[in-house]
There are 2 protein chains.
Amino acid sequence: MGNQRSERVFSMPTRKLESVVSLRDIRVACKACSLKEICLPVGIDRDDLERLDSIIDRKHPLARGEHLFRVGDRFQSIYAVRSGSLKTYSTSEGGHEQVMGFQLPGELVGLDAISENQHPLAAKALETTSVCEIPFTDLESLSSQISGLQHQLLRVMSQEIRDDEQNMVILGQKSAEQRLAAFLISISNRFRRRGFSATQFNLSMSRSDIGNYLGLALETVSRLFTRFQNDGLLRVDRKHIELLDRDRLCAYSGAHCSEQQSPRESSRH
Amino acid sequence: MGNQRSERVFSMPTRKLESVVSLRDIRVACKACSLKEICLPVGIDRDDLERLDSIIDRKHPLARGEHLFRVGDRFQSIYAVRSGSLKTYSTSEGGHEQVMGFQLPGELVGLDAISENQHPLAAKALETTSVCEIPFTDLESLSSQISGLQHQLLRVMSQEIRDDEQNMVILGQKSAEQRLAAFLISISNRFRRRGFSATQFNLSMSRSDIGNYLGLALETVSRLFTRFQNDGLLRVDRKHIELLDRDRLCAYSGAHCSEQQSPRESSRH
DNA sequence: TTTAAATATTGATATAGATCAATGAATTTG
DNA sequence: CAAATTCATTGATCTATATCAATATTTAAA
């Protein structure tokens with residue numbers, strides 16, 4: 001699928017053996033990981049990468065519906081999605097769920113837990129999902145030695161703030177139509193950036209999750225999908241989406257789409 | 001006003017003399033600044049503080065309506081509000097403004113600019129406002145030496161992400177009433193944390209700014225203020241707000257108010 | 001395979017809050 | 001200090017989208 005290539009490079013045996021299963025085979029070095037430019041884009045040389053690699057731990061894949069962490073869990077690591085996808089969400093007292101975001105391959109989760117030393121959100125796998133675990137204290141001490149890493153970490157966090165700001169704009173003043181369009185464009189951009197198709201993908205999250213995330217009723221999401229389809233913008237088949245007219249969809253989203261850019265992917269500089 | 005005390009401690013003469021006016025007198029050491037626990041809460045000792053201080057630059061106050069920076073400005077520094085307040089906002093192609101946040105004394109602006117090396121938002125003074133300028137490269141190199149500072153910086157950014165997430169909840173699924181209530185509680189908490197009154201304060205921003213920030217029409221904000229007043233929750237006199245029943249207001253906001261906490265103030269741990 | 005449980009679609013209706021509009025302070029300006 | 005401008009309040013109406021409801025489809029379970 002796409003270029004999820006060359007992930008099976010086996011280096012040293014698993015350092016930590018907390019999980020029982022045959023982790024050894026899954027152990028992959030950062031330097032060989034197809035996601036490495038994403039997790040650590042800039043200015044980290046060969047040696048540094050090796051050091052970084054040594055602190056990163058691959059866990060065995062999560063099944064659909066499994067939690068990576070829950071609200072209130074002690075914060076120890078941030079995670080990078082290697083394959084699959086996650087949703088993060090919080091639950092209000094009334095048991096009502098608020099979906100805060102979706103994490104696709106190459107994206108990080110858990111940065112919001114640093115300040116309180118515990119996870120303010122839960123992270124649940126939307127499908128079979130594997131992640132890299134990056135123990136935070138290790139990362140911190142390493143990044144005080146590797147200045148490029150420190151900077152990179154700050155950049156990633158800053159980007160997260162940007163993205164959240166973008167979402168606030170979307171929630172604060174866009175119409176339902178604009179929201180869904182913006183959402184699809186964002187997903188598309190994020191897939192493309194990871195080397196997947198930008199025009200054809202599967203949404204691993206339910207309509208209800210999308211609606212919740214966008215501040216819309218799921219019925220509205222459903223209706224909009226059919227509307228978009230009727231307008232010739234895309235083709236929907238349940239989870240599968242094919243974007244037929246990305247530009248027009250982008251125009252629908254009410255954003256500057258001149259450079260077919262999305263907030264999320266603009267971090268490359 | 002409140003305990004905005006003991007700010008006038010004069011140390012060495014201004015290092016950078018970019019601005020013409022009598023900056024010398026305003027120059028105040030971090031270690032004497034009433035905001036120091038806020039900017040740099042933990043684990044920084046006397047010596048380190050002095051080093052930090054040496055990179056921080058006080059600028060002369062901004063007049064109401066003046067910009068601290070504009071969209072697209074090269075990112076060089078982050079800023080801490082010393083007194084007064086700011087709003088950050090972006091402007092869509094249609095010239096439509098989106099207010100992203102308000103910064104009160106002790107709060108930082110500009111963290112979202114790190115990733116792109118330029119400011120994605122503009123920051124404008126809502127009243128006469130003075131800020132500390134913290135050149136980012138200096139801060140970065142210093143924080144690789146002072147591990148407490150590095151951690152603190154990450155914490156602050158993480159907290160910002162948390163806060164934005166909170167705002168997403170508010171925009172995504174709260175009613176107009178809940179939004180305004182949550183907003184007032186948040187402001188109240190932030191004032192209290194800085195030693196100001198939590199029950200009586202002036203809103204430096206207009207109804208329109210509040211509405212824009214909360215994703216509501218200004219008329220709605222206005223109506224809600226009168227409603228809240230009629231309900232005996234508070235007293236409004238134009239910009240001046242007096243909270244009469246904080247608990248009930250908090251209940252209105254639809255959040256767990258058990259510990260009269262707000263997202264923003266929960267960062268102390 | 002049948003049954004059950006999610007999940008998705010589509011329609012009908014209700015409503016929170018936007019928008020339009022007019023008036024009244026309060027600030028700013030000349 | 002008057003005039004102009006900005007800002008706030010209040011009312012009347014309209015609309016986008018939620019909510020309620022029924023059905024269909026898919027997935028999971030038995």
Side-chain angles (χ1 to χ4, degrees), chain A residues 63-66 87 94 96-99 124-128 170-184 202-231 234-241 252 254, chain B residues 63-66 87 94 96-99 124-128 170-184 202-231 234-241 252 254:
Chain A
R64 175 165 196 267
E66 254 188 286
K87 75 169 175 185
H96 187 63
E97 192 171 284
Q98 161 75 34
V99 176
K124 186 196 263 189
L126 292 167
E127 58 196 310
T128 306
I170 287 169
L171 292 173
Q173 47 191 228
K174 303 279 186 178
S175 69
E177 178 176 281
Q178 292 176 315
R179 292 183 202 193
L180 187 61
F183 172 73
L184 291 171
N202 281 300
L203 294 175
S204 55
M205 65 295 288
S206 68
R207 300 288 190 266
S208 158
D209 282 339
I210 297 173
N212 186 310
Y213 173 67
L214 295 175
L216 301 173
L218 66 305
E219 293 95 327
T220 306
V221 174
S222 192
R223 279 184 246 274
L224 284 169
F225 269 124
T226 40
R227 170 129 57 96
F228 284 171
Q229 183 159 40
N230 294 338
D231 291 7
L234 46 75
R235 200 169 299 142
V236 211
D237 177 25
R238 201 155 177 85
K239 303 265 177 194
H240 187 80
I241 305 288
Y252 270 50
Chain B
R64 175 165 196 268
E66 254 187 286
K87 75 168 174 186
H96 187 62
E97 192 172 283
Q98 161 74 32
V99 176
K124 187 197 262 190
L126 292 167
E127 59 197 308
T128 306
I170 286 170
L171 292 174
Q173 47 190 228
K174 303 279 185 177
S175 68
E177 177 176 282
Q178 292 176 314
R179 294 183 201 193
L180 187 61
F183 172 72
L184 291 171
N202 282 300
L203 294 174
S204 55
M205 66 294 287
S206 68
R207 299 289 191 264
S208 158
D209 283 338
I210 297 173
N212 186 309
Y213 174 67
L214 294 175
L216 302 172
L218 69 303
E219 294 96 327
T220 306
V221 174
S222 191
R223 279 185 246 274
L224 284 169
F225 269 124
T226 42
R227 169 129 59 95
F228 283 171
Q229 183 159 42
N230 293 339
D231 290 6
L234 45 75
R235 200 170 298 143
V236 211
D237 178 24
R238 200 156 177 81
K239 303 266 175 193
H240 187 81
I241 306 287
Y252 270 52

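Note on naming: letters A, B, ... go to the chains in the order of the sequence lines (proteins, then strands), and numbering restarts at 1 for each one.
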Interatomic distance where [atom1] belongs to [X] and [atom2] belongs to [N] [whole Å]:
X: A:Ile210; N: C:dT9; atom1: CD1; atom2: P; result: 9 Å
X: B:Asp237; N: C:dA26; atom1: CG; atom2: P; result: 8 Å
X: A:His240; N: C:dA8; atom1: NE2; atom2: C1'; result: 17 Å
X: B:Leu171; N: C:dA18; atom1: CG; atom2: C1'; result: 16 Å
X: A:Leu218; N: D:dT23; atom1: CG; atom2: C1'; result: 15 Å
X: A:Leu126; N: C:dT7; atom1: CG; atom2: C1'; result: 14 Å
X: A:Arg227; N: C:dT10; atom1: CZ; atom2: C1'; result: 14 Å
X: A:Leu214; N: D:dA18; atom1: CG; atom2: C1'; result: 15 Å

Margin query: Closest-nucleotide mapping onto DNA chain D: is B:Phe225 or A:Leu216 further toward the 5' terminus? I mean the 5' end.
Written below: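 Closer to the 5' end of DNA chain D: B:Phe225.
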For [N] and [X] - does any side-chain N or O of the residue sit under 4.0 Å from the phosphate oxygens OP1/OP2?
X: A:Lys239; N: C:dA8; value: yes
X: B:Thr220; N: C:dA18; value: yes
X: B:Arg223; N: D:dT9; value: no
X: B:Thr226; N: D:dT10; value: yes
X: B:Arg238; N: C:dT27; value: yes

Check: Checking all strands, does B:Ser222 fall into the base, sugar-phosphate, or nothing category for heavy-atom contacts under 4.0 angstrom?
Finding: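 Base contact - B:Ser222 has a heavy atom under 4.0 Å of at least one base atom.
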Notebook entry, point to check: What nucleic acid atoms does A:Gly215 come within less than 4.0 Å of, heavy atoms only: base, sugar-phosphate, or nothing?
Noted result: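 It contacts sugar-phosphate atoms only.
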Checklist line | Residue-level proximity of residues 172-183 of chain B to DNA chain C when a heavy atom falls under 4.0 Å | finding: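 DNA chain C contact set from residues 172-183 of chain B: B:Ser175, B:Ala176.
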Notebook entry, point to check: Quick one: do B:Glu97 and B:Lys87 make a salt bridge, cutoff under 4.0 Å?
Noted result: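 So B:Glu97 pairs with B:Lys87 through a salt bridge.
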Next item on the list: Mark yes or no for a side-chain to base donor-acceptor pair under 3.5 Å between B:Arg64 and D:dT6, with no hydrogen or angle criteria applied.
Entry: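 Answer is no: no donor-acceptor pair is held.
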